[in-house]
Amino acid sequence: MPNANTIIILDFETTGLSPNQGDRAIEIGAVLIENGVIKDRFQQLMNPGFRVDGFIESYTGITNSMLKDAAPCEEVMNDFADFIEDYHLVAHNASFDKCFLDAELKQISRSYSGQFVCSMLAARRVYQTAPNYKLATLIDYLDISVEGDYHRALYDSEMTTKLWLSMLESLCVEYNIAEIPFELIKKLTKTPKKSVDSFMQRWKSTSY
DNA sequence: TGCCAGGCCCTCTTTAGGGCCTT
């Protein structure tokens, strides 16, 4: 059983919004953190088997010429399945990334047993006065230093990692808690925004 | 880009509609 304090924070770049419409992954980036410290990284381009459109090229900076010599999705996703093992998973707007992870792994008959938590749903509860919950806005709102280009998989994973660690720190400080378990954040994302404080107080009183 | 997907979430809600967020 993997250490529950080890999690994978991941991000996909894709050919579009929906694998159900034929879209495929073109890049996966991920950060492995253990007890809040980055221990490993994963980044690979992958060839979806067809040309990506101009919007995706300009949105991500990933061009068809970059993908031409990349390994096929099946090969990269097999390596990625090895990387994530059975760790818990985090992504910004996780429903999107989970959809592509599930679709790509289904193609190669691989699976995972970790649970997903969405950093956007968590941020809506932890930072209730943020102007919006786009990843870049939250990073700016938190005065986190930036050095790279959004919409590349590893960079967005790194930024989501910084957001994640910031949320853990904010909760620790606000509620005077030494450690925030993954399971607590998962439950927090299912708690109504206006009930966050009472949820945290109740959790603290039953855990200490 | 434009509004092709889908889950979340708010409200002028729950027998619904529409904005947000991801590429």
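Atom set for the values below is all heavy atoms of this structure, side chains included, hydrogens, waters and symmetry mates excluded. Numbered from 1 within each chain, the chains take letters A, B, ... in sequence-line order.
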Tell me: CZ of Arg152(A) to P of dT22(B), nearest whole Å? 17 Å
Take the protein atom CG of Asp11(A) and the nucleotide atom C1' of dC21(B), then report the distance between them rounded to whole Å. 12 Å
Is there a side-chain polar atom (N or O) of Asn93(A) under 4.0 Å from OP1 or OP2 of dC20(B)? no
Check ion pair Arg152(A)-Glu27(A) (N to O, under 4.0 angstrom): yes
Under 4.0 Å, heavy atoms only, any strand: does Arg125(A) hit a base, just the sugar-phosphate, or nothing? sugar-phosphate
Check whether any side-chain nitrogen or oxygen of His151(A) sits under 4.0 Å from OP1 or OP2 of dT23(B), and answer yes or no. yes
Just call it for Asp97(A): base, sugar-phosphate, or nothing, with non-hydrogen atoms closer than 4.0 Å on any strand. nothing
Return yes when atom NZ of Lys193(A) has more than 12 non-hydrogen atoms of other residues, nucleotides or ligands closer than 6.0 Å, and no otherwise. yes
Looking for any heavy atom pair under 4.0 Å, which part of the strands does Phe12(A) touch: base, sugar-phosphate only, or nothing? sugar-phosphate
Is the side chain of Thr160(A) donor-acceptor paired with the backbone N or O of Asp156(A) at a distance under 3.5 Å, no angle test? yes
Whole-Å distance, Phe96(A) CZ to dG6(B) C1', equals 11 Å
Which part of the nucleic acid, if any, lies within contact of Tyr133(A), taking any heavy atom under 4.0 Å across all strands shown: a base, the sugar-phosphate backbone alone, or nothing? sugar-phosphate
At 4.0 Å (heavy atoms only), tell me whether Leu121(A) reaches a base, stays on the sugar-phosphate, or touches nothing. sugar-phosphate
Using atom CZ of Phe116(A) as one end and atom P of dG6(B) as the other, report the distance to the nearest whole Å. 17 Å
Taking atom P in both dG18(B) and dT14(B), compute the distance separating them and give it to the nearest angstrom. 13 Å
Base, sugar-phosphate, or nothing for Asp23(A), non-hydrogen atoms under 4.0 angstrom? nothing
Counting only heavy atoms not in Asp82(A), do more than 12 sit closer than 6.0 Å to its CG atom? yes
Distance-only, no hydrogens or angles: does the Glu104(A) side chain make a donor-acceptor pair with backbone N or O of Glu74(A) under 3.5 Å? no
dG2(B) versus dA16(B) - spacing of their P atoms, nearest Å: 32 Å
Using the P atom on both, measure dC8(B) against dC12(B) and round to a whole Å. 23 Å
How close or far is atom C1' of dC8(B) from atom CG of Asn132(A), stated in whole angstroms? 15 Å
For Ile26(A), which contact category applies under a 4.0 Å heavy-atom criterion: base, sugar-phosphate, or nothing? nothing
Distance between the C1' atoms of dG19(B) and dT13(B), in whole angstroms? 15 Å
Without decimals, in angstroms, what is the distance between Tyr141(A) OH and dC21(B) P? 14 Å
By the 4.0 Å heavy-atom rule, please label Thr60(A) as base, sugar-phosphate, or nothing. sugar-phosphate
Between dT23(B) atom P and Asn20(A) atom CG, what is the distance in whole Å? 18 Å
Would you mind telling me which residue lines up with the more 5' stretch of DNA chain B, Thr191(A) or His92(A), judged by nearest nucleotide? Thr191(A)
